[in-house]
Amino acid sequence: MQEHPELMPLLTVAAGPMRGASFRVRPQPQVIGRAPTADIAVADAHLSRRHAEVRLTDDGVLLADLGSTNGTWLNDRRITDAEPLTDGDVIRLGRTELRYFDPGLATTDPVGLRFAGGSVGRRDHRPTLPLPSRVPGPTDALPAAPVPAPSVVDA
């Protein structure tokens, strides 16, 4: 994975003040928190300065709470010990929601991720075809305009 950084796991802010920001998980442990000195600094007042930690191991990526006040939540479950992350997991820290994406395990390509040489391993690629449109036929006559009723004048 080191020779292909685009295959390194990714944390993306899905909700919160920094929505849209992404962070690559590195082999060294990374502290997530609101302190500017945190490896992954998140501008959220509801985070502890050193809130949680992610680390890449031989068995995958682990997430651990660092004794934060508001807790670290993995898929709507508060964690107390180090927990392994799997592709698609949702991590909530304070009012920030992170999505975990592991390109090495994912079954779908994220938007914007491209590999050199085009699609890698994509045998199911089909060209996009336009949807057929219905051509009006002779039985599809336009409705006739209403005919005004004859006016009757009483003499």
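Everything numeric here is computed off the predicted structure, so don't read it as measured data. Heavy-atom basis, side chains included; hydrogens, waters and symmetry copies ignored.
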Trainee: List the residues meeting side chain to side chain contact (heavy atoms under 4.5 Å, CB included) with Asp39, not counting sequence neighbours, and say none if there are none.
Mentor: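 Partners of Asp39 under the side chain to side chain contact (heavy atoms under 4.5 Å, CB included) test: Arg26, Gln30, Val31.
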Trainee: With rounding to the nearest 0.5 Å, note down the distance linking CG in Asn70 to CZ in Arg78.
Mentor: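 With rounding to 0.5 Å, CG (Asn70) is 7.5 Å from CZ (Arg78).
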Trainee: How many angstroms lie between CZ in Phe101 and OG1 in Thr12, if you round to the nearest 0.5 Å?
Mentor: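 Reported to 0.5 Å precision, the distance equals 8.5 Å.
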Trainee: So, taking the atom named OG1 in Thr72 and the one named CZ in Arg77, what distance separates them when rounded to the nearest 0.5 Å?
Mentor: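 Spacing of OG1 (Thr72) from CZ (Arg77) equals 11.5 Å.
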Trainee: Could you tell me whether Arg19 and Glu97 have a side-chain N and a carboxylate O separated by less than 4.0 Å?
Mentor: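 Salt bridge absent between Arg19 and Glu97.
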Trainee: Taking only residues two or more places apart in sequence or in another chain, which ones pass side chain to side chain contact (heavy atoms under 4.5 Å, CB included) with Asp44?
Mentor: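 If we apply the side chain to side chain contact (heavy atoms under 4.5 Å, CB included) test to Asp44, skipping adjacent residues, the hits are Pro17, Val42, His46, Leu47, Arg95, Thr96.
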Trainee: Please confirm whether the backbone N or O of Thr69 pairs with a side-chain atom of Ser48, one donor and one acceptor, at under 3.5 Å?
Mentor: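 Yes, because the side chain of Ser48 sits within donor-acceptor range (under 3.5 Å) of the backbone of Thr69.
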Trainee: By the definition side chain to side chain contact (heavy atoms under 4.5 Å, CB included), identify the one residue from Leu63, Asp102, Asn75 that meets it with Leu85.
Mentor: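 Among Leu63, Asp102, Asn75, the one that satisfies the side chain to side chain contact (heavy atoms under 4.5 Å, CB included) with Leu85 is Leu63.
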Trainee: If I take atom CG from residue Asp89 and atom CG from residue Leu74, how far apart are they, to the nearest 0.5 angstrom?
Mentor: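 If I round to the nearest 0.5 Å, the distance is 5.0 Å.
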Trainee: Indicate the atoms forming the closest heavy-atom contact of Pro27 with Met8, along with that distance.
Mentor: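 Shortest heavy-atom separation between Pro27 and Met8 comes out as CD-CE, 4.0 Å.
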Trainee: Tell me, with the steps shown, if Leu11 and Val25 meet side-chain contact (heavy atoms from CB on, under 4.5 Å).
Mentor: CA-CA 7 Å; Leu11 291 172; Val25 178; 4.2 Å; yes
Trainee: Quick one: closest heavy-atom pair of Leu93 and Ala52, and the distance?
Mentor: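 Closest heavy-atom pair between Leu93 and Ala52: CD2-CB, 4.1 Å.
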Trainee: Under a 4.5 Å side-chain heavy-atom rule over Ile, Leu, Val, Met, Phe, Trp and Tyr, are Val13 and Trp73 clustered together?
Mentor: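 No.
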Trainee: Treat each ILVMFWY residue as a node, draw an edge where side-chain heavy atoms are under 4.5 Å apart, and state whether Met18 and Tyr100 are in one component.
Mentor: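 Cluster IDs for Met18 and Tyr100 match.
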Trainee: Just how far is it from atom CG of Leu66 to atom CD1 of Ile32, taken to the nearest 0.5 Å?
Mentor: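 One gets 8.5 Å once the value is rounded to the nearest 0.5 Å.
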Trainee: So how far is it from Leu98 CG to Ile91 CD1, rounded to the nearest 0.5 Å?
Mentor: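 It is 5.5 Å, given to the nearest 0.5 Å.
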Trainee: Mind checking salt bridge (Lys or Arg N to Asp or Glu O under 4.0 Å) for Arg55 and listing every partner two or more places apart, or none if nothing turns up?
Mentor: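 Expected list: Glu53.
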